Amino acid sequence: MGKHHFGEFEEIVMLTVAVLYDEAYGIAIIEEMESRLGRKVSIGALQTVLRRLEKKGYLSSRFGEATKVREGKRKRFFSVTSYGKKVLAEAKDQRLFLWKAMPEFVINN
Amino acid sequence: MNSYHGRPSKWILDFFRWYCHRDYQEDIEGDLMERFERNVEKKGIRAAKWRFIKDVLLLFRPGIIRSMEGNHQLTNYGMLKNYLKIGWRNLIKDKGYSSINVGGLAIGMAVAMLIGLWVHDELTFNRYHENYDLVAKVMQHTTANNEVFSGTHQPFPLSDGLRNSFEEDFKYVVSSTEIQEHIIANGERRFNESGAYMEVDAPEMLSLKMIKGLRSGLELNSILISESLAERLFSNEDPLNKIINMDNRVELKITGVYQDIPKNSTFHEMAFIASWDQYLSTNTWLEPYLYKWEYDMSPIYVQLQPHADIHKVSDRIKDIINNSLIGEDRNEQSIALHPMGKWHLYQEFENGVNIGGSVRFVRLFGTIGIFVLLLACINFMNLSTARAKGRTREVGIRKAIGSLRAQLMYQFFSESILVVILSFLFSIGLISLSLPWFNEVADKAITFPWNNPFFWILCAGFILSTGILAGSYPALYLSSFQVIKALKGAFTTGRLAIISRQTLVVLQFTVSVVLIIGTIIVYRQIQHTKDRPVGYDRDRLVSVTMKTNDIHDHFEAIRNQLLASGTIVEMSESSCPLNTYCVGLSDFDWQGKDPAFSAAFSIFWISPEYGRTIGWQLLDGRDFSRDIASDQRGMVINASAVKYMGLENPVGQIIRHDEKDWKVLGVVNDFIVGSPYEPVKPAIYMFAPWVSYIVSFRLSPTVSTQDALENIETIFKEYAPGIPFEYQFADQQYAQKFNDEIRIGKLSSTFAILAIFISCLGLFGLASFTTEKRTKEIGIRKVLGASVFILWRLLSLEFFILVIISCVLAVPFVLYFLENWLANYEYRTDIPWWIFAISSLGGLLITLLTVSYQSVKVALLNPVNSLRNE
């Protein structure tokens, strides 16, 4: 086990942010998760996790341009930091390692 | 574009904006709006609004809600922090002014608090006793010759009379002796202890807190003792049911131990209580008096029933003595109840009316305390106002940035409260340091009420009100400056400001001068009374209180032995100590006496050597002589008695007393026995072979005092073994009569000095400030040729005039207060004009010294230096 680990929801949020790449802001993330995973997420739940991940240094954010929609409020775009990528990769490796270690028949059954 | 734009409810949006972290607000609100807009399209405005509310509520969670600290937001907290910081920097910047300000206020507060504690202690006197509200002492007011005399001693049958006839009014009636010293001994441990004989209900009435035994244990042959006495007698042993010896005469069983009665109780000194029956059975000579209403013997205390009204009861019992007296002995005697709450502060009676008493000291010191605090506050206001100039720019900038006047007021108030809190901390330090000294001077046992919530609430109120009072001037005045003027620095001190500052200085010095004169008068009164001729020789005069008859029974032998060894010049016995009137009788008749005139005399029963021992001066006739048998029916009276009786040729006059004839042998001078502030009472000295209470010695001048006392002690021990030999010097006894006045003198002089000190601090600060402001003016004047003297005069004149005005204002106050105070003393000093002159001169001198330090310093400055920098 590495020293970093995060919850399942945190991991999914980070992956979604990574998937959206340049377009990862609040509503987009929620919709992405809805369409890809069929998972309903409230703004509150998402925003808390986003801020927490940002504080931990896994995510970074920047403001976008103001537009006419959203009553002129700017979007905050999130992106995965290199540190965040490292941690994600680590998590993936750990899982793969476990998958690989699993006896064949367990999966087949 | 979207066909229709609804808006989410404003209140929920406001709610969101209120709680959301400022950094996150914009983009999250954007997200919310985006989703809302989409929801409107998809599901309609209603559903979208609901959805919005739900989202906002779901966002209300720790990661999103803004934190309560930090200055990210415009709360008062940040501003307050800024005010405190600026206030603190202002304090630190000018350490001199600040220490004057804080120190002055701290001293003022310490004085006010000390006085407050003292006043509280005085006002709660006797509150230790739970039945405080119901207990009273029986007073007797005797009208004789159109004058009313008040006394606390009552005839013996009165207690039963009250008990039996007024059962529904009194819960307890307790006859008691005065608190007197007795010898209490447990084997070799012997002590002279103060205590009283009291009737059985006394412990209940006084609500003694029993540590061992019961309150009901006060019976014949038993005794209740205080905790500290128990410890002295028995160390750690259990004292209960132990036998102790009293006055080498009776054995008493300890049936109870009570908690020591605290210092602020009338019964504080009472280390033991023995039963009243014990008193009567030990002193068999009292028996004939048990049924006599004519003789006033001892105090009586009562406790009323809870529903009884003290005035009504007083009224009902008024004539009980009068009605019991028959025929000629009938006098105008009325009795009344004096409630426990008034014993300490309202103990004086004049013409049968309670005229107050020590309460005037409570008022006096209360006033002084308030004034000292006022002075300190005035200083604070003065200095703050003076320094206000330095802060006009700050006020201007603050106003320009957008400070409201209310905010500025808030700032100055919080700043002044900061200083007051600082001073308060210092003053608590000062109090803890000075409390032991204060207790000694004031003869109190005051402790600092650290754990009394009421005290702290009071202090908080005190801080707040002082802070607001002290800060009100700068807060109200500074904040009213106009922005532009303030910024330009074109602020000139208004006429009003100068006048109010001058008023404050005048007020301050008026109080100081009043205090100076007051202190001088108090000391003058003490000195005046001390200088009053005493009338007998106090030098080398020693007296011993005897509780047994051992010395009396061997009086001749002891006297001869001491005379032979050259230890003493003379020795004698008497019924009363030298410094107290202890017996009063009215049963006297003589030729030419107006039948309506009921004469009362102070009586001294003495042995024939008494006069020669104390050294009284015979004015007429002769002294007693042991060799003339008929002298046993003789009297010596004092000059006041002669005047009182209206005798032309007193010597040889026959006076009828106790159904016998007595011849006046001689007249002596009026020497002071009671209070030195009062006239000498008419006194009669009678030869009494039975007296033994006080033994007095005149030590021989050829023997050292110490040797003489040792000799006397050796002989005493021989004849009266087991009695502690305790003696008192007449001069010390006499000096004790001034204790109260000396205490007042000490306290008021201390307070006066502190008040003056505080005033001077204020003046010093003010003077240094005003002179500093005029440094440039002085420089220019010097360049133009002004001399140092002229400059000094210029700078000091203003203060000089103010102090003169104060002195003039002080005169009527002083006259009013001190005339009132002196009126309490029969034998009193006057208030001569030179006291005003000297005090005013003193005040002026102090002012000049204070101001001159600054003005001379500025006048001596090199004008080049003062004019160079801008």
Side-chain angles (χ1 to χ4, degrees), chain A residues 6-14 16-17 20 22-35 38-80 84, chain B residues 1-43 45 47-70 72-73:
Chain A
F6 29 54
E8 182 260 357
F9 186 59
E10 285 178 327
E11 191 177 353
I12 288 180
V13 169
M14 277 184 63
T16 318
V17 169
L20 286 168
D22 234 4
E23 287 298 320
Y25 72 97
I27 296 296
I29 298 171
I30 289 175
E31 278 172 0
E32 192 71 15
M33 277 160 69
E34 228 168 276
S35 64
R39 189 166 174 163
K40 287 217 169 212
V41 180
S42 76
I43 297 182
L46 179 75
Q47 288 291 349
T48 335
V49 169
L50 283 174
R51 306 299 164 177
R52 198 189 308 145
L53 291 172
E54 193 180 1
K55 234 179 229 166
K56 283 185 184 171
Y58 300 155
L59 294 180
S60 63
S61 72
R62 65 189 157 81
F63 271 115
E65 298 281 310
T67 53
K68 242 182 156 183
V69 280
R70 298 165 59 95
E71 302 229 311
K73 305 284 181 207
R74 291 175 296 172
K75 291 172 184 170
R76 186 187 288 272
F77 291 105
F78 290 88
S79 53
V80 182
Chain B
M1 279 262 103
N2 300 325
S3 56
Y4 173 67
H5 275 285
R7 292 267 305 149
S9 313
K10 191 175 174 321
W11 63 269
I12 191 76
L13 201 57
D14 284 344
F15 173 61
F16 167 75
R17 284 176 182 160
W18 172 73
Y19 76 68
C20 185
H21 196 292
R22 292 289 173 271
D23 290 350
Y24 309 158
Q25 198 186 332
E26 181 176 352
D27 60 292
I28 297 184
E29 194 183 325
D31 282 2
L32 282 169
M33 293 313 295
E34 189 178 335
R35 171 171 274 207
F36 176 77
E37 284 158 14
R38 271 189 219 181
N39 279 338
V40 169
E41 270 170 38
K42 265 198 271 173
K43 300 173 186 165
I45 180 91
K49 275 189 173 178
W50 278 113
R51 182 77 213 175
F52 189 90
I53 293 174
K54 195 180 150 200
D55 276 337
V56 167
L57 291 180
L58 282 173
L59 267 165
F60 191 74
R61 51 173 88 202
I64 310 291
I65 295 173
R66 69 180 190 200
S67 60
M68 298 307 286
E69 55 207 41
H72 326 279
Q73 61 274 333

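To find a chain, count down the sequence lines: A is the first, B the second, and so on, and within it residues start at 1. Please read these numbers as outputs of a predicted model, since none were measured by experiment.
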| request: Mind listing the closest non-hydrogen atom pair of A:Ser42 and B:Arg61 along with its distance? | output: OG-NH2, 4.1 Å
| note | Closest non-hydrogen contact found for A:Arg51 with B:Ile64 is CG-CD1, 4.4 Å
| query | Can you tell me how far the CZ atom of B:Arg38 sits from the CD1 atom of A:Ile27, to the nearest 0.5 Å? | reply | 6.5 Å
| Atom pair CD/CG of A:Glu54 and B:Asp23 - distance to nearest 0.5 Å | 9.5 Å
| query | Within a strict 4.5 Å, meaning less than it, do heavy atoms of the B:Leu59 and A:Ile43 side chains meet? | reply | yes
| said: Return the CD to NZ distance between B:Glu34 and A:Lys75, rounded to the nearest 0.5 Å. | reply: 5.5 Å
| query | Where does B:Phe60 contact chain A at under 4.5 Å (heavy atoms): side chain, backbone, both or neither? | reply | neither
| request: Pick one of side chain, backbone, both or neither for B:Leu32, based on which atoms fall under 4.5 Å of a heavy atom in chain A. | output: both
| said: Measuring only between side-chain heavy atoms, which start at C-beta, is B:Asp27 closer than 4.5 Å to A:Tyr25? | reply: no
| To the nearest 0.5 Å, how far apart are CD in A:Gln47 and CD1 in B:Ile28? | 4.0 Å
| note | Whatever's closer than 4.5 Å to a heavy atom in chain B on A:Ala28 counts as neither
| task | Show your working on side-chain contact (heavy atoms from CB on, under 4.5 Å) between A:Ile30 and B:Arg35 and close with a plain yes or no. | result | CA-CA 10 Å; A:Ile30 289 175; B:Arg35 171 171 274 207; 3.1 Å; yes
| field | Residue A:Leu50 versus chain B: region with a heavy atom under 4.5 Å | value | neither
| said: Quick test of your reading of the model: are A:Lys73 and B:Glu26 salt-bridged, counting only N-O distances below 4.0 Å? | reply: no
